[in-house]
Number of protein chains: 2
Amino acid sequence: MLKKERHQFIMDKFKDADKVNTIDLALELEISEDTIRRDFNELHNKGLIEKVYGGAFLVKDKSRNVFDISIFNEDKKIIVGQKALSFLSEGQVIIMTGGTTNLSFCKLIPIDFAATIYTYSLPIAMQLSQHPNIELIFIGGKLQKNAMVTVGIDVVQVLSKIKADVCFIGVSSLDVNQGLTEMGYEVSIVKKEMINASDKVIVLATSDKINRKMPHKVCGLDKIDAIVTELSPGSPRIKNFADAGARLF
Amino acid sequence: MLKKERHQFIMDKFKDADKVNTIDLALELEISEDTIRRDFNELHNKGLIEKVYGGAFLVKDKSRNVFDISIFNEDKKIIVGQKALSFLSEGQVIIMTGGTTNLSFCKLIPIDFAATIYTYSLPIAMQLSQHPNIELIFIGGKLQKNAMVTVGIDVVQVLSKIKADVCFIGVSSLDVNQGLTEMGYEVSIVKKEMINASDKVIVLATSDKINRKMPHKVCGLDKIDAIVTELSPGSPRIKNFADAGARLF
DNA sequence: TTTAAAATCGCATAATAATGCATTATACTC
DNA sequence: GAGTATAATGCATTATTATGCGATTTTAAA
């Protein structure tokens, strides 16, 4: 049986039930569970299924409304967000980058929390607009459509003029040696400036972002005051970061 | 039974009853109460349930998604939007205000339409970010949360420096004598500046906005190049505008 | 305050998942 | 068709997650 057939077979299973078990599939197809898990991983990366401990669920094709933002790995991101809450204090001036990890974080901020928050992300701004006591300042500029953030000289200019207490950065890749790197050049420039403008830098990242590199460097680990992941700080998966002296949470 | 199934099972229980008991669930599913409690904790962390001593309640106030914007009188606004399409030309520099009428309009813009659009409205920007050929520039500033638009000195400053071909203005009130008026002072200032920056001014308004006055004046009818409503231009309900020489569409 | 039920905590255990590596199958080149 | 590179698979090992149990703390009501 070809891998592709097997994938189809798995997807067909969802016509009968909305979950499948790893073991059942392995028995039925008479192959190892490892292979089924690898299949799950591939289907998950295509966004077709959601993996859970012991099996998988079908992801329901949400109507592609512009405004409903689906958050990949939301559970993990909620854990990250909850840990990050401890870095918030009332009255701070905060810079918030974009990304779904930060979005999850923002959803968790207490409704009456008072602070000044700068952001360049449309979804983050929409989310934070629910908080009556947050003074929200949107950093204008040219819109980068895929990420829903503004970039360019205008953004950098605004950032160069402000001084924030703390910056929460959602990242796409984090590596022990390379530090924080980005896919896009423009975003890397903006993030650099954000870090410059802030006294403290808190990085929010789910573990899938860790030990990855992208072309454009933002900063080294030394500039980062805290790395918040869904893992426990002692986890072996981030031991290399601990060894390198990173402050993990 | 997978953990996620169990969570769904618990959530389904709320269809029958307001409250679920820890013990009952443990007995029914033949698992320990500890597990049920851990499930409760997870569901609670997701904001789905409220824990109480001995069980849990459903959180009903599932505050509707921040991102789904409900449009009142959408039918009428779609008619307005369709008429307004005729004022669009490829390659223009356009200023777009906020409001649900303009949002409906933006939804109708052909997907491959090419232009440069300035806006200060978060929902409008989200919507327009779907158009690959639109150069979208967001005007940053302090966010006015109810209207989801930026206001203040920064916005005015940006506007004072640009020159647009056309400005599409969604309005809250339009009156034959007072012209265009606004509820909020800050928004009125910004709109004034937008009109200043544009060669042509197109007003989009459903008929419920017509013949109403608000405290802060934006401009008189003479500055408006076109008024687009869902009514036919000859409708008696806007005869007074026609008599005053307004260009109705 | 007392008391019993319920919740939390720490730990042990078992199930499941990820990882590195060896083996086998498949595709590709000459 | 032989040889080689690549991908797929299974196995052993290690890591992670789920769950139950006992000890301890908290809660709600007598």
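Values reported hereafter were calculated over all heavy atoms of this structure, with side chains retained and with hydrogens, waters and symmetry mates removed. Each chain gets a letter, A, B and so on, in the order its sequence line appears, and its residues count up from 1.
- Within the structure, every side-chain polar atom (N or O) of B:Lys51 is placed at least 4.0 Å from both OP1 and OP2 of D:dT26.
- Rounded to a whole Å, the CZ atom of B:Phe40 is 14 Å from the P atom of D:dT19.
- Between A:Arg6 and D:dT9, a side-chain N or O to OP1/OP2 separation shorter than 4.0 Å is present.
- Put simply, A:Thr35 has a side-chain N or O that comes within less than 4.0 Å of OP1 or OP2 on D:dG10.
- Residue A:Glu30 contributes atom CD, which lies 15 Å from atom C1' of D:dT9 at whole-angstrom precision.
- At whole-Å resolution of the value, CD in A:Glu230 and P in D:dA15 are 17 Å apart.
- At distances below 3.5 Å, at least one donor-acceptor pair connects side-chain atoms of A:Lys191 with backbone N or O atoms of A:Gly170.
- Using a 4.5 Å cut-off on side-chain heavy atoms (C-beta onward), A:Met148 and B:Ser129 make contact.
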Might you list the N or O atoms of the protein lying below 3.5 Å from N or O atoms in nucleotides 3-6 of chain C, with each pair's distance?
{"residue": "C:dA5", "atom": "N3", "partner": "B:Tyr53", "partner atom": "OH", "Å": "2.5"}
{"residue": "C:dA6", "atom": "O4'", "partner": "B:Tyr53", "partner atom": "OH", "Å": "2.9"}
{"residue": "C:dA6", "atom": "O3'", "partner": "B:Gly54", "partner atom": "N", "Å": "3.1"}

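- Side-chain N or O atoms of A:Lys83 include one that pairs as donor or acceptor with a backbone N or O of A:Thr229 at under 3.5 Å.
- In terms of modelled atom types and a separation under 3.5 Å, the side chain of B:Asn102 and the main chain of B:Thr97 share a donor-acceptor contact.
- Per the geometry, CG belonging to B:Asp39 stands 16 Å off P belonging to D:dT17, to the nearest Å.
- Under the 4.5 Å side-chain criterion, counting only non-hydrogen atoms from C-beta, A:Ile109 is in contact with A:Leu128.
- For B:His44 (side chain) and B:Ile49 (main-chain N/O), a donor-acceptor pair under 3.5 Å exists by modelled atom type.
- Under the salt bridge (charged side-chain N to carboxylate O under 4.0 Å, His left out) criterion, the residue pairs touching residues 12-25 of chain B are B:Asp12-B:Lys15, B:Lys13-B:Glu28, B:Asp18-B:Lys60, with sequence neighbours excluded.
- For the pair B:Glu50 CD and C:dA7 C1', the computed distance is 16 Å after rounding to whole Å.
- B:Lys3 has its NZ atom 13 Å from the P atom of D:dG20, to the nearest Å.
- Here the CD1-OG1 distance, from B:Ile124 to B:Thr119, works out to 5.5 Å after rounding to the nearest 0.5 Å.
- In this entry the distance linking CG of B:Asp34 with P of C:dA7 reads 10 Å, nearest Å.
- Between its two ends, the helix from C:dT1-D:dA30 to C:dC30-D:dG1 turns its axis by 40°, counting five pairs per end and rounding to 10 degrees.
- Between A:Lys4 and C:dT26 there is no side-chain polar atom (N or O) within less than 4.0 angstrom of OP1 or OP2.
- When atom types are taken as modelled, the side chain of B:Asp39 and the backbone of B:His7 share no donor-acceptor pair closer than 3.5 angstrom.
- Per the geometry, CD1 belonging to B:Ile31 stands 7 Å off P belonging to D:dT19, to the nearest Å.
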